[in-house]
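Written out below as C-alpha cells is the structure these notes cover.
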Amino acid sequence: MDAFVKRLNPASPKKSPKPDSKQSEAKKEPPTKRVKREEVRDSDEDSDQDIAPGYSSFKPLPGIRREDTATSGIGDEEASQHSEAEVDSFRRTAIESSLPEVKSGKEALEEYENFRASQEDNEATSAASRLDSRKWVRGKTSLYVDAFNLALETVLNEESHLFDEKEKHIFDQWNRLSYEAQFLYVRLFLRKTSSWHRISRLRYHDDIQDTKAAVNELQRSRDIPSDSASPHAALDSVEPDLSSLAQDQCMFSDSFTFADASDQYITTVEEAVALLGLDEVKALAKEAKVQGRNKAELARSICRMSSQQAGLFSLGLRRSSTVGSVDSPDRGTPEADVPSPGPGNDSNRRKHYLDKILAIAGPCIRLSLAVFKLFERVHLVFYRSTEWTEKSLTTIILAKISKRNFPKYIVSRSANIFASRRQLLEFETAMRNEFVVDSVLEFNGPVTEEGFRKIIETFEKIYPRWKLLLQEEQEKEERVYESGEGAYLRRLNPAHPYTRIVHKAAYVYGRLKDHKREHELLIELLDQRLFHLARRGSWYQRRALLEEHYMHALESEPAYKDADMQKKHWKRIAATTCETALEDRDCHLIYHYDIQKRLVKLERQLKIPKRLQHDFGHVRLQKPEEHFVEGIQLKKDDITGKKGRGPSTKTIWVDEAEGGGECSVEAMCLSWYRTQGWKGYHAEGGIIRTLFAYLFFDILFLYIPNVFQTAYQTCPLDLHTDAFYPTRASAVNHRLVEIANGEAARLIEDVDRGERENRTCVVGLNWDYELNDLLELAACFDGTALAALCKVMAQEYGQRGGGIPDLILWRSEPRKQVMFAEVKSANDRLSDTQRLWIHVLTGAGVKVALCNAVAKEVREI
C-alpha cells in the first residue's frame with residue numbers, strides 16, 4: 001500500500017541544495033503579495049461570523065452532487081476545456097488545505113506522465129504499487145485512474161464491512177473493466193455528473209483509442225447474482241426503528257450498468273434540447289421560426305413549438321391554440337421509460353422534434369446514478385470528508401512526487417471511522433436531511449411559513465436520535481477515546497449534522513416567535529461539548545438576548561407575580577449567562593466584546609453596586625485612527641478585464657518615493673509610511689500566518705489520531721475546523737502564556753534554525769520573510785497582544801485567514817510599536833470580516849489605522 005495510507009513515521013526529509021547567490025539576492029526582496037481570495041464557507045464549517053442575531057448564514061452541502069435530469073447548457077467540448085480550471089472556483093477541501101501548493105494543471109500531469117512513460121512496466125502492478133514506484137505508461141495507466149483505484153483498494157482492504165455483497169460484486173466488475181473504460185468513467189465522474197455528455201465531443205483521444213468501445217463497455221447491462229444479500233437485511237435485523245434515518249441511496253435490482261444510454265432515457269424535447277450548443281439551438285430555432293434573447297429562451301420556444309405545430313416546420317400549417325407543455329418527469333436513473341401516450345398528433349409532433357434533436361446531438365452517455373452514489377460513498381470513507389474534488393483525487397500523488405521537504409510527524413489512519421454499515425448510511429441520510437434544511441432556508445427565495453414547518457418536521461424526526469447519539473458519544477469520550485482522539489472523528493458522526501439541524505431549528509423557532517422552545521434548544525446545545533463548539537459564542541449571545549427581553553413573559557409559573565420583579569429576575573439570569581460565556585474555554589475570543597458589553601449593560605440596569613460590577617476597561621475597543629495619504633492617481637481609458645469582463649476596480653498610483661513607477665494603492669501608502677519611520681509589508685495576513693506557523697510549529701504537528709493521514713501534509717486535517725483548538729487546548733494555552741511572557745523571539749529562532757535550510761513545507765509559512773524582520777516585529781509586539789492574535793488564529797484558522805488589514809507596520813523608535821493599516825481609496829467600505837479583525841486587534845491593544853488614499857492629481861494615460 002502506498003505510503004500515505006500506511007501507519008508509519010514518514011522518512012526524514014532530505015536537505016535541499018543551498019541556493020545560489022542570485023537566489024539569495026532575490027530573497028532579499030519583500031515576499032510577493034498573495035492574491036486575496038473571497039472565501040466561500042460551506043455548511044460543514046463552524047463559523048458564525050455574520051450573526052443576525054446569533055446565527056451564521058447557511059450554506060449548501062458541499063461536494064459533487066448529481067441532479068436528476070440534464071440541465072446543463074454547456075456542451076461536452078466546452079466542459080472539457082474547463083474541467084480542470086473550474087475546480088479552482090470551489091473552496092479548498094480539508095485534504096487539499098493540508099497539502100502543499102502543487103502545480104496540478106494539465107501541463108503538470110502531461111509532463112509527469114511523459115517522463116514516466118519511458119519506464120518499462122512489464123510486470124502486473126496494482127494502483128498502489130504504481131504510485132509507490134512511480135511507473136507510468138501512457139494509454140495503459142493514468143494518474144486519475146490509479147488514484148481512483150487506490151481509494152477503492154484502500155477502502156476495501158480496511159473497511160470492506162461497510163459494503164454488502166451486491167456492492168462488492170459491482171466493485172469486482174469495475175476491476176474487470178478495460179483501462180480505457182475506467183479512464184472514461186473516472187473523467188466523467190470528476191465532471192458535471194448531472195449532465196448527459198455527447199460522445200462525439202469527448203476529447204480524450206490521447207488516452208482512449210476507441211471511444212465507442214469504451215462507451216459500450218460502460219453501458220452494457222451486467223447481472224447481479226441472485227444469492228447476494230439484501231442491502232437492508234443487516235440494517236433491518238439490527239435496528240428496524242432507524243430505517244427512516246439510515247436510508248440507502250444505492251439500490252440495485254438484478255442488473256446494473258455503469259452508464260446510461262441516451263436512446264433509453266432521453267424521452268422529452270426538454271431534456272434533448274439541453275444537449276445542444278448555442279449555435280445548434282440558434283440554427284434549430286431559425287428553422288422553427290422562433291425567437292429568443294439567449295439559449296434558455298430559444299430552448300423554451302422550441303419546446304413550446306413542439307407542442308403547437310404539426311409536422312416538421314415545413315408542412316404549411318398555421319399555429320393552432322396552445323396545448324399544455326408536457327414537462328419532463330423528475331427522475332434520476334430509473335428503469336427505461338416509454339413516453340406516456342397522449343393525443344396522437346401531439347405525441348407524433350413531439351417525437352419528430354425529439355428525433356431531430358437527438359440526430360443532431362448523436363449518442364450520449366451519463367453515469368448511472370446508483371453506481372455513482374456508490375463510488376461517492378467510497379470516497380467519503382477514503383477521504384474521511386464529505387467534500388472532495390478532482391484536486392483531492394490527485395493532490396496527494398502530486399504532493400508525493402514534488403521535490404519538497406515535509407515536517408516530521410506520525411501518520412495515523414484508523415480503520416474504524418464507521419463502526420458499521422448502518423452508521424455510514426445514517427450519516428449519509430443525516431447529510432441529506434441537513435441539505436434539505438439548507439435548501440429551504442437559502443435556495444428558494446424568501447422562506448414561507450410552510451418552509452419553516454418543513455424544517456420543524458425534519459427536526460422533530462431526528463431530535464430523539466440526536467439525544468441518544470449525544471449520550472453514546474459522551475460515554476465514548478469518557479471511556480473509549482484517548483485524549484483528543486474523538487474530536488475530528490466526530491465530524492463523521494451522524495450527530496454532527498443533526499446538531500446543525502437543531503441549531504437551524506432553534507433559529508426557525510425564533511422566526512416563528514416560539515422563543516420558549518428556542519431557549520430550551522439553546523440550553524440543550526450549550527449543555528453538550530462535543531459538536532460545533534465554535535458556535536457556542538453565538539448560542540450564548542442569543543440565549544442572553546432571549547433571557548433579557550422575552551423569557552420573563554413566557555414562564556408558565558413565574559418566580560415573581562410583580563412584572564418588574566420578574567423582568568429583573570430574568571435579567572439576573574441573563575447576566576449569569578454572560579458570565580458563564582466569558583468563563584467558557586470554548587467560547588471564542590471574537591464573541592467576548594459583545595458579551596462583555598451586554599453584561600455591563602445588564603449590571604447597570606440591575607443597579608448592582610459599582611464595586612461589584614465587572615470592569616472591562618482593559619479590553620475596551622479603541623476607534624481606528626484616520627490617516628490621509630495624498631498621491632497621484634493614474635486612470636486608463638478603454639480597459640477591459642480578463643476574458644472580456646469589465647475593468648478591474650483596483651486603482652493605479654504613482655510611487656513617488658520609489659522612483660515614480662506605477663504601483664497599487666497599498667504600495668503607495670506603504671511608501672508613505674516608510675517616510676514616517678515605519679517598516680512594514682503589504683501582507684494582508686501573510687506575515688501573521690507566518691508568525692503563527694513559527695510560534696506553533698511543534699503544536700501543529702503534535703500527534704493526534706486521524707489528523708495526519710498522509711506523509712505529505714503541511715498541517716493537520718482539523719486545522720481548518722473547530723476541532724483543532726479544543727483537542728490541543730492545554731498545549732495551545734501553555735504556548736500563549738509563553739508568548740505573552742515575551743518568548744516569541746526565542747521560539748521563532750528555534751524553528752528557523754532547524755527548518756529554514758530545508759525550507760520545510762508548513763501551512764502559512766513563507767520562508768521569503770527575512771528572519772531579522774520577523775524577530776524585530778515580534779520584539780515590537782506587546783506579548784499579550786500577540787498572544788491574543790494567535791489565540792484567534794488557533795480557534796478559527798480557517799475562517800479568520802481573510803480580513804486582516806492590508807499593511808503591517810512596526811518601528812523601534814521612539815518606542816517599540818506595531819500598527820495595522822487598512823488601505824481604502826475613494827468609495828471603498830469596510831467589509832464585516834475587516835470590521836471583526838479591527839475589533840480583535842484594538843481589543844488586544846494593537847494600534848489600527850484606516851489609511852485613506854486621496855488623489856491630489858489625476859493623470860489620464
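These values consider heavy atoms only, across backbone and side chains, with no hydrogens, waters or symmetry-generated copies.
Under the 3.5 Å distance criterion, with hydrogens and angles disregarded, no donor-acceptor pair is assigned to the side chains of His519 and Tyr509. In this structure, a donor-acceptor pair under 3.5 Å is absent between the side chains of Thr690 and Asn766.
The aromatic rings of Trp810 and Tyr681 lie tilted to each other, with the angle between the two planes from 30° to 60°. Using the six-membered ring where Trp is involved, Trp767 and Tyr694 have ring planes that are perpendicular, over 60° apart on the 30 and 60° scheme. Phe692 and Tyr797 have tilted rings, their planes meeting at an angle from 30° to 60° on a 0 to 90° scale.
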### Ile739 and Leu695: CA distance, side-chain angles, deciding distance, side-chain contact (heavy atoms from CB on, under 4.5 Å) verdict
CA-CA 8 Å; Ile739 295 171; Leu695 297 172; 3.9 Å; yes
### Task
In sequence, state the C-alpha distance, the side-chain angles, and the governing distance for Leu807 and Phe820, and then conclude on side-chain contact (heavy atoms from CB on, under 4.5 Å).
CA-CA 6 Å; Leu807 308 180; Phe820 288 84; over 6 Å; no
### Query
Are Asn733 and Tyr725 close enough, and set up right, to give a side-chain hydrogen bond (donor to acceptor under 3.5 Å, both in side chains), and what steps lead you there?
CA-CA 9 Å; Asn733 290 334; Tyr725 176 73; 2.9 Å; yes
### Task
Take Asp718 and Arg728, measure what salt bridge (charged side-chain N to carboxylate O under 4.0 Å, His left out) needs, and give me the verdict at the end.
CA-CA 11 Å; Asp718 64 345; Arg728 305 161 181 80; 2.9 Å; yes
### Task
Start with the C-alpha gap between Asp438 and Arg500, add the side-chain angles, then the distance that decides, and say whether salt bridge (charged side-chain N to carboxylate O under 4.0 Å, His left out) holds.
CA-CA 10 Å; Asp438 284 341; Arg500 190 164 178 271; 3.0 Å; yes
### Message
Is there a salt bridge (charged side-chain N to carboxylate O under 4.0 Å, His left out) between Glu547 and Lys571? Walk through the geometry before answering.
### Response
CA-CA 6 Å; Glu547 290 167 347; Lys571 286 184 177 181; over 6 Å; no
### Message
side-chain hydrogen bond (donor to acceptor under 3.5 Å, both in side chains) for His503 and Trp539? Distances and angles first, verdict last.
### Response
CA-CA 9 Å; His503 165 73; Trp539 294 336; 3.0 Å; yes
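Looking at Lys567 and His552, their side chains come closer than 4.5 Å, going by heavy atoms from C-beta outward. With a 4.5 Å cut-off on side-chain heavy atoms, Leu777 and Ile808 count as touching. Contact check for Val792 versus Trp837: side-chain heavy atoms found under the 4.5 Å cut-off. At a threshold of 4.5 Å between non-hydrogen side-chain atoms, the residues Glu662 and Leu634 count as touching. A heavy-atom distance below 4.5 Å is not found between the side chains of Phe697 and Asp750. Residues Arg543 and Leu526 are in side-chain contact: their nearest non-hydrogen atoms beyond the backbone lie under 4.5 Å apart.
Comment: Lys679 engages Glu776 in a salt bridge, judged by a side-chain N to carboxylate O separation of less than 4.0 angstrom. Electrostatic pairing of Lys816 and Asp782 does not count as a salt bridge here, judged by no charged N lying under 4.0 Å from a carboxylate O. In this structure, Arg598 pairs ionically with Glu548, as a charged nitrogen and a carboxylate oxygen lie closer than 4.0 Å. Salt bridge Asp586/Arg529: present, at least one basic N to carboxylate O contact under 4.0 Å. Glu434 and Lys504 are not joined by a salt bridge, as no carboxylate oxygen comes within less than 4.0 angstrom of a charged side-chain nitrogen. Using a 4.0 Å cut-off between charged side-chain N and carboxylate O, Arg735 and Asp698 make a salt bridge. The pair Glu857-Arg859 meets the salt-bridge criterion, with a side-chain N (NZ, NE, NH1 or NH2) lying under 4.0 Å from an Asp/Glu carboxylate O. Salt-bridge formation is not detected for the pair Glu813/Arg811: no Lys NZ or Arg NE/NH1/NH2 atom is positioned less than 4.0 Å from an Asp or Glu carboxylate oxygen. With respect to the salt-bridge test (charged N to carboxylate O, under 4.0 angstrom), the residues Asp722 and Arg536 do not qualify.
For Arg746, the CZ atom counts as densely surrounded, since its 6.0 Å shell holds more than 12 non-hydrogen atoms of other residues, nucleotides or ligands. Annotation: His734, atom NE2; neighbour count of heavy atoms from other residues, nucleotides and ligands within 6.0 Å does not exceed 12. Heavy-atom contacts from other residues, nucleotides or ligands closer than 6.0 Å to NZ of Lys824 number more than 12.
The one candidate from Cys715, Pro407, Pro716 that meets the side chain to side chain contact (heavy atoms under 4.5 Å, CB included) condition with Val763 is Cys715. Paired with Glu603 under the rule side-chain hydrogen bond (donor to acceptor under 3.5 Å, both in side chains), one option of Arg572, His614, Lys610 passes, and it is His614.
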